[in-house]
Asker: 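Structure incoming, see below.
Positions are given from 1, in the same order as the sequence printed here.
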Amino acid sequence: MVTPEQSTVPAREVSALARSCHPGPLVVVTALTAALAVRAGQEPGRCLLTTGAVLTGQLSIGWCNDAFDARRDIATGRRGKPVADGAIEAGTVWTAAWAALALCVPLSFACGWAAGAAHLTAVAAAWAYDLRLKATRWSWAPYAVAFAALPAFVTLGLPGRPWPAWWVFAAGALLGVGAHLGNVLPDIRGDLATGVRGWPQRLGPDRVRLLLPVPLVTASALLALGPAGPPGARQIAALAGAGLTAVAGAVLGRRRERAAFAAAVAVAVLDVALLLSGGGLGTGAS
């Protein structure tokens with residue numbers, strides 16, 4: 001006979017797995033990809049395949065990250081991680097990561113060989129970050145590669161397999177670098193205490209706070225000015241708003257690092273809006 005305690009074990013593991021997959025980035029990246037697929041003109045069935053591939057890829061990345069970091073999290077007494085808190089075994093999270101990756105591969109190639117190769121390049125870059133590059137001076141590179149590959153995955157899944165415009169690639173890479181800096185900024189001191197010395201940790205919080213707006217606003221400029229023809233009023237307003245927000249974040253961040261992070265998120269949202277409203281998806285044009 002199954003006791004009430006035994007019956008809740010699977011539910012607890014499911015809850016712990018859900019918290020281990022880094023749900024915030026998972027939702028944001030998956031939703032962004034779905035929006036890009038719709039904007040690029042993918043048919044409903046292909047949109048579902050594209051979104052499913054990214055969802056499983058993000059699940060594998062998040063679980064890989066938590067499983068790989070489990071030993072260090074436990075050794076340093078870090079709280080807030082399901083494995084470190086004893087809510088789930090690291091082996092279970094590893095199993096989930098590999099299972100999600102196994103689903104991601106056929107879903108990616110179901111969108112086409114070129115599209116699948118682009119997406120799996122992004123997933124491989126993220127796994128390389130989790131397993132090795134996170135603690136090196138090259139920690140920014142996987143973010144740049146993964147974010148640049150995302151619009152390519154969407155457009156290469158269209159009929160004719162078109163590439164995005166060059167400035168979409170460049171803006172994606174810059175958004176990735178900005179996302180890396182913004183994601184790490186609030187945790188730099190804690191990361192240094194646990195032995196993580198990636199590029200932002202080597203720079204230190206003050207330099208990262210000042211550097212953070214640069215890739216994001218540069219991405220804003222590319223997305224606003226890259227499409228053919230003169231930029232419209234919305235593009236100019238978004239670019240101006242991104243610049244003002246970034247400056248405000250850098251100034252306010254002197255006293256509160258979270259302010260710099262919040263400003264970076266706001267600029268990134270404007271960049272995504274510019275990407276979705278502009279051209280360059282599947283045109284291959286400059």
Side-chain angles (χ1 to χ4, degrees), residues 21-22 25-26 28-65 68 96-134 136 138-177 179-180 219 222-223 226 272 275-276 279-286:
C21 73
H22 296 218
L26 179 147
V28 170
V29 174
T30 305
L32 171 61
T33 305
L36 285 174
V38 172
R39 176 68 179 83
Q42 285 193 1
E43 296 180 353
R46 180 55 58 87
C47 280
L48 288 175
L49 275 176
T50 299
T51 305
V54 172
L55 175 62
T56 52
Q58 289 298 305
L59 284 170
S60 78
I61 293 163
W63 282 328
C64 170
N65 183 284
F68 185 75
W98 286 110
L101 184 62
L103 286 173
C104 176
V105 173
L107 285 173
S108 298
F109 283 125
C111 298
W113 288 103
H119 183 236
L120 292 177
T121 296
V123 173
W127 273 66
Y129 174 83
D130 287 345
L131 299 177
R132 172 59 181 161
L133 297 179
K134 177 181 181 178
T136 74
W138 293 97
S139 60
W140 58 271
Y143 273 81
V145 170
F147 275 68
L150 192 61
F153 172 47
V154 171
T155 62
L156 288 171
L158 293 169
R161 299 190 296 276
W163 287 89
W166 70 266
W167 46 266
V168 173
F169 271 119
L174 288 166
L175 277 172
V177 174
H180 178 43
L222 286 171
L223 293 168
V272 170
L275 177 59
L276 292 173
L281 289 176
T283 65
S286 58

Asker: Show the nearest heavy-atom pair for residues Thr30 and Leu26, with the distance to one decimal.
Answerer: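 Here Thr30 and Leu26 meet closest at OG1-O, 2.7 Å.
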Asker: Quick one: side-chain contact (heavy atoms from CB on, under 4.5 Å) partners of Ala219, sequence neighbours excluded?
Answerer: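 Result, side-chain contact (heavy atoms from CB on, under 4.5 Å) vs Ala219: Ala171, Leu174, Leu175, Asp271.
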Asker: Going from CG on Asn65 to CG on Asp130, what distance comes out if it is rounded to the nearest 0.5 angstrom?
Answerer: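 Taking CG in Asn65 and CG in Asp130, the distance rounds to 4.0 Å.
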Asker: Donor-acceptor pairs under 3.5 angstrom involving side-chain atoms of residues 52-64: please list them, not counting sequence neighbours.
Answerer:
unit_1 : atom_1 : unit_2 : atom_2 : d
Thr56  : OG1    : Gly52  : O      : 3.0
Thr56  : OG1    : Ala53  : O      : 2.9
Ser60  : OG     : Gly57  : O      : 2.7
Ser60  : OG     : Trp127 : NE1    : 3.1
Trp63  : NE1    : Leu17  : O      : 2.8

Asker: Would you tabulate the side-chain donor-acceptor contacts of residues 100-122 under 3.5 Å, counting partners in other chains and residues two or more places apart, or write 'none'?
Answerer:
unit_1 : atom_1 : unit_2 : atom_2 : d
Ser108 : OG     : Cys104 : O      : 2.8
Ser108 : OG     : His119 : ND1    : 2.8
Thr121 : OG1    : Ala117 : O      : 2.7

Asker: Taking atom CD of Gln42 and atom OG1 of Thr155, what is their separation to the nearest 0.5 Å?
Answerer: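 Going from CD on Gln42 over to OG1 on Thr155, the span is 9.0 Å.
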Asker: Where is the tightest heavy-atom contact between Tyr143 and Ser139, given as atom of each residue plus distance?
Answerer: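 Closest pair (atom of Tyr143, atom of Ser139, distance): CD1-O, 3.9 Å.
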Asker: Taking all heavy atoms of Gly172 and all of Phe147, pick out the closest pair and write down the distance.
Answerer: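 The pair with the smallest heavy-atom distance is O-CB, 2.9 Å.
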Asker: Quick check: closest heavy atoms across His180 and Tyr129, and the distance to 0.1 Å?
Answerer: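 The answer is CE1-OH, 3.6 Å.
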Asker: I want to check something: taking the side chain as every heavy atom from C-beta on, are Trp166 and Leu222 in contact at a cut-off of under 4.5 Å?
Answerer: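 Yes, close enough: below the 4.5 Å cut-off.
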Asker: From Leu131 CG over to Phe68 CZ, what is the distance, rounded to the nearest 0.5 angstrom?
Answerer: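 It is 5.5 Å, given to the nearest 0.5 Å.
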